[in-house]
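First the structure, which I've put down as structure tokens, then a few questions once you've had a look.
Here is how names work: the chains are called A, B, and so on, in the same order as the sequence lines, proteins then strands, and each is numbered from 1.
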Protein chains: 2
Amino acid sequence: MSVTDASPVEIATAASISARKIAILPVDARNHALTVIHQALSDAKQEILLANARDLDLATISAEEGTLSQSVLKRLDLGRKGKWEDMLKGILDVRGLDDPVGQITLKTKLDDGLELERVTAPIGVLLIIFEARPEVIANIASLAIKSGNAAILKGGKESTESFVAISNVISEALKQTEVPNASIQLVKTRDVIPQLLALDKYVDLVIPRGSNELVLYVKNNTKIPVLGHADGLCSIYIHEDADKDLAVKVLMDAKVEYPAACNAVETLLVHESVLTTILPSVAQALLEKGVSLRCDTESKAALSFCLDKTSATILQDATESDYDTEFLDLILAIKTIPGSTSSDAAVDFAAAHINAHSSKHTDAILTSNKDLARRFQNAVDSACVFWNTSTRMADGMRFGFGTEVGISTNKIHSRGPVGLEGLMIYKYYINGSGQTADDYHGGPGGKQWKHEKMALR
Amino acid sequence: MSVTDASPVEIATAASISARKIAILPVDARNHALTVIHQALSDAKQEILLANARDLDLATISAEEGTLSQSVLKRLDLGRKGKWEDMLKGILDVRGLDDPVGQITLKTKLDDGLELERVTAPIGVLLIIFEARPEVIANIASLAIKSGNAAILKGGKESTESFVAISNVISEALKQTEVPNASIQLVKTRDVIPQLLALDKYVDLVIPRGSNELVLYVKNNTKIPVLGHADGLCSIYIHEDADKDLAVKVLMDAKVEYPAACNAVETLLVHESVLTTILPSVAQALLEKGVSLRCDTESKAALSFCLDKTSATILQDATESDYDTEFLDLILAIKTIPGSTSSDAAVDFAAAHINAHSSKHTDAILTSNKDLARRFQNAVDSACVFWNTSTRMADGMRFGFGTEVGISTNKIHSRGPVGLEGLMIYKYYINGSGQTADDYHGGPGGKQWKHEKMALR
């Protein structure tokens, strides 16, 4: 790992060359590097926390001047309870994962002495742009090393001192290992990013982690594939047969616990018959937590009728644009789904609304009917489609992926919470004994393809 | 299927809506549509061949005027022996493939009554731009229907009459099925392509099939992911222990059989000791077929010395740019790999040359040593890396994929020959019973994740 002031082309070239070296290191060598990094960071705790304190001092001034939010200030602090330990544990967690490199995922006997294999391989060079959380650099370096990829990192400027301190420790540690130093490079200044985004010859994948603005900027300024998501406009549909207590519990979790999260709910769809059965309880619970409800005509009428006057004051009229808005706040848009025809039709109506308005991140249905749930899950074109649980379940840790590279709303490669396998691609190997394509020309005397599926080891 | 003159936005919107409908059709309904299309095309053979004859008449004039190549003229002719039958058989072959939709590829018990599933799903809307081979439209329509995707098609203008005739037959046939007509749309004029390439909100994947210029144009003019490859700069490395006869046979296949193919070899790397053992036989065989050899100093000296004077006249000096050139012709660049150190070092040298110059399509090593072969396969960063066989093996049919969507030099999603699974992505389903993320808050009294891997059906 190196903190670099080199030119973008030099950085990308060095990454590209290192990528080929780290790609062929055995898993023991990659795991050993993680052990060494873990030990070196443990030993350097004091100097890193001192560097972090310098970041915090500057950030505190900015926060007092109002140019930095309190939440960024909070995320900066490596000394907060459990944060340092979590960072170190994360490195060992990644070390403990199965080796993602060199897995054979397809094996076909094309003919006698002619075997096709599909083998997992690292993607190559990753450009990862991330927020100001200092511990992330250690986690991302671990993921890159484990997966055999080279990485160019750019972290939020508020954490510069912490990043440089951590990078220097990792850099020294890597000298005791076979991992090439330039396989992880930290760039300090934002001005090289546009140039790196233009180097699609060397950089294989960009992973922006952070604000919607950052992701949109990256998507609009590169031909390199981008793994990330700019929006999280999630919906929950309450069908007529949903359980009332379950609905209240799920909505409170999805809207109130952490409204700024990308997997928080923004739109509530309610079956017409739910207006008088379940919606009042859900609305009452949300209103008590200060959630503003932006209602269509039907739901507003239903709620005005049954709620007391105080809570009714934060009942608002929804506009069409509310159904396209990621509020990231204590605001929920409500829309009524016509219930005059069949249950299937109501589910299809809800799914069509979601497909037209959601960001294809995470959506959920609450219903007692398994078949209707599956109908909804198949019909909604989102990365995550849940039944009787909160949209906030969309998370790599909760999915059991151990660690999360990010959440993707892409529709190719990887989708939803992305674990280590989102950093992998594959190669085809053929092991032959001198056969040529022309041997199988299809005419008289030509060889025949066997195309037999073989067992994987 | 419809031949459309609608605006690009109307086309893309209709495709997007149809995509959601075809995505949830059961496999029987999708297969039935293929049966019906097959029958309808069989019945309409005469009218389609008449339309094809009109294309051929126009094309023949253009060929005589010199504005169209003979090879395009040849590809246009649907009446050529076996072509019509192959087109019809292709539809039934696709029908016979396993259903790619709804396969469960991961199942995890997150907790009691809380199960995570990863389920394969169609990507959505494909924009496929292809060459003037009239039969391709039937094959692509079959692939799209089988995989549950909607497709917008634009074929080469020389086949317009044939395309329209085939489309009209398919369109009529689809009326007897559940497949929405707008799930396959044919656009006739090239001028809508730039506008369609801008509609990344609706179009999920672009597949350009055809010339390098077309693929480059598409890549440079869209934010939509592109499945395709612009170059096929393939290399073969002959190690010192390679079998001479095998080397001659493989090189003849890879260079002479079909030099215009993307998987033909363009650069030959030879171990130093091969200069006097194997290279003369390989060179003699190639020269007899009219292949020009562009040699570095060492290989030219070796060949000048051992070849007769006549053949030596098409020995040329290689320039650096020859190693970066896809000749697509009877020309081969030759470079010598230093043999002074170990075999490992020579293989690494060859791999490094390939990684710096190849288009990451297909490369091969000829050697008797299995370990060296695997070293080369791991080190070379190309979609296909072969041992003791021809680069021309890189092909979906030869790989046993049945049908090929295209060959991809991408490094995410799909790589090398791409079968039906290149048109698929996945969704995550959670089936819960009212659990919320906050139930697993990690503090006292919180629930614990089980994260148990479950057997797939």
(message) For A/Asn221, is the CG atom crowded, meaning more than 12 foreign heavy atoms sit under 6.0 Å from it?
(response) yes
(message) Take a 6.0 Å sphere around NZ of B/Lys447 and say whether it holds more than 12 heavy atoms from other residues, nucleotides or ligands.
(response)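 Count over threshold, so yes.
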(request) Look at A/Ile24, A/Asp245, A/Leu116 and state which one has the largest set of heavy-atom pairs under 4.5 Å with chain B. (result) A/Leu116
(message) Heavy-atom cut-off 4.5 Å, strictly under: side chain, backbone, both or neither for A/Ile17 against chain B?
(response)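 For A/Ile17, there is no contact with chain B at all, as no heavy atom is under 4.5 Å.
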(request) Compare all side-chain heavy atoms of A/Arg374 with those of B/Asn431 and state whether any distance is below 4.5 angstrom. (result)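 A/Arg374 vs B/Asn431: side chains touch.
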(request) Locate the shortest heavy-atom distance separating A/Asn378 from B/Arg20; write the atom from each residue and the value. (result) O-NH2, 3.3 Å
(request) Give, as side chain, backbone, both or neither, the part of B/Arg118 having an atom under 4.5 angstrom from any heavy atom of chain A. (result) side chain
(message) If you count every heavy atom of other residues, nucleotides or ligands that lies below 6.0 Å from B/Lys219 atom NZ, does the total exceed 12?
(response)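 For B/Lys219, atom NZ is crowded (more than 12 foreign heavy atoms under 6.0 Å).
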(message) What part of A/Lys21 gets within 4.5 angstrom of chain B, counting heavy atoms only: side chain, backbone, both, or neither?
(response)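 Interface part for A/Lys21: neither.
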(request) Pick whichever of B/Met424, B/Met252, B/Lys223, B/His413 has the most heavy-atom pairs under 4.5 Å with chain A. (result) B/His413
(request) Name the region of B/Phe401, side chain, backbone, both or neither, that has any atom closer than 4.5 Å to a heavy atom of chain A. (result)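 Contact with chain A involves the side chain of B/Phe401 alone.
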(message) Below 4.5 Å, heavy-atom pairs only: which of B/Ala121, B/Ser414, B/Ala247 has the largest tally toward chain A?
(response)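 Most heavy-atom pairs within the cutoff with chain A belong to B/Ser414.
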(request) Heavy-atom pairs under 4.5 Å with chain A are the metric here; pick the option from B/Trp387, B/Tyr440, B/Tyr428, B/Phe386 that has the most. (result) B/Tyr428
(message) Can you tell me which of B/Val101, B/Asn388, B/Ile430, B/Asn263 forms the most heavy-atom pairs within a distance under 4.5 Å of chain A?
(response)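 Heavy-atom pairs under 4.5 Å are most numerous for B/Ile430.
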(message) Under 4.5 Å from any heavy atom of chain A, what part of B/Ile123 do you find: side chain, backbone, both or neither?
(response) both
(message) Quick check on the interface: out of B/Ala379, B/Ala23, B/Pro225, who has the most heavy-atom pairs with chain A under 4.5 Å?
(response) B/Ala379
(request) Indicate yes or no for a side-chain donor-acceptor contact from A/Lys427 to the backbone of B/Gln377 under 3.5 Å, with no hydrogens or angles considered. (result) yes
(message) Taking side chain as everything from C-beta outward and backbone as N, CA, C, O, which of these in B/Asp381 sits under 4.5 Å from a heavy atom of chain A? Side chain, backbone, both or neither.
(response)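 For B/Asp381, backbone and side chain are both near chain A.
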(message) Can you tell me which portion of B/Ala373 sits under 4.5 Å from chain A's heavy atoms? Options are side chain, backbone, both or neither.
(response) neither
(request) Could you tell me whether A/Asp98 atom CG has more than 12 heavy atoms of other residues or ligands within 6.0 Å of it? (result) no
(request) Check whether any side-chain N or O of A/Asp253 sits under 3.5 Å from a backbone N or O of B/Asp438 as a donor-acceptor pair, and report yes or no. (result)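 Yes: the side chain of A/Asp253 pairs with the backbone of B/Asp438.
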(request) Compare every heavy atom of A/Leu114 with every heavy atom of B/Thr389, then report the nearest pair and how far apart it is. (result) OG1-CD1, 4.0 Å
(request) Considering only heavy atoms and a distance below 4.5 Å, find which of B/Asn410, B/Thr222, B/Asp439, B/Leu205 pairs most often with chain A. (result) B/Asp439
(request) With a 4.5 angstrom heavy-atom cut-off, could you sort out which part of B/Val226 is near chain A: side chain, backbone, both or neither? (result)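 The answer is neither part of B/Val226.
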(message) Looking at A/Tyr258, I want to see if its OH is surrounded by more than 12 non-hydrogen atoms of other residues, nucleotides or ligands under 6.0 Å.
(response)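 No.
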(request) Output the option from A/Thr436, A/Leu227, A/Leu246 having the highest count of non-hydrogen pairs under 4.5 Å with chain B. (result)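 Counting heavy-atom pairs under 4.5 Å, the top option is A/Thr436.
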(request) Give, for atom NZ of A/Lys411 and atom CG of B/Asp204, the distance between the pair rounded to the nearest 0.5 Å. (result) 3.5 Å
(request) Sort by residue number and list every member of residues 390-400 of chain A having a non-hydrogen atom under 4.5 Å from chain B. (result) A/Ser390, A/Arg392, A/Met393, A/Met397, A/Arg398, A/Phe399, A/Gly400
(request) Answer with side chain, backbone, both or neither: which region of B/Leu366 has an atom nearer than 4.5 Å to a non-hydrogen atom of chain A? (result) neither
(message) Heavy-atom count check: over 12 atoms from other residues, nucleotides or ligands less than 6.0 Å from B/Glu421 CD?
(response) no
(request) Can you tell which part of B/Ile412 gets under 4.5 Å to a heavy atom of chain A, answering side chain, backbone, both or neither? (result)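 Both backbone and side chain.
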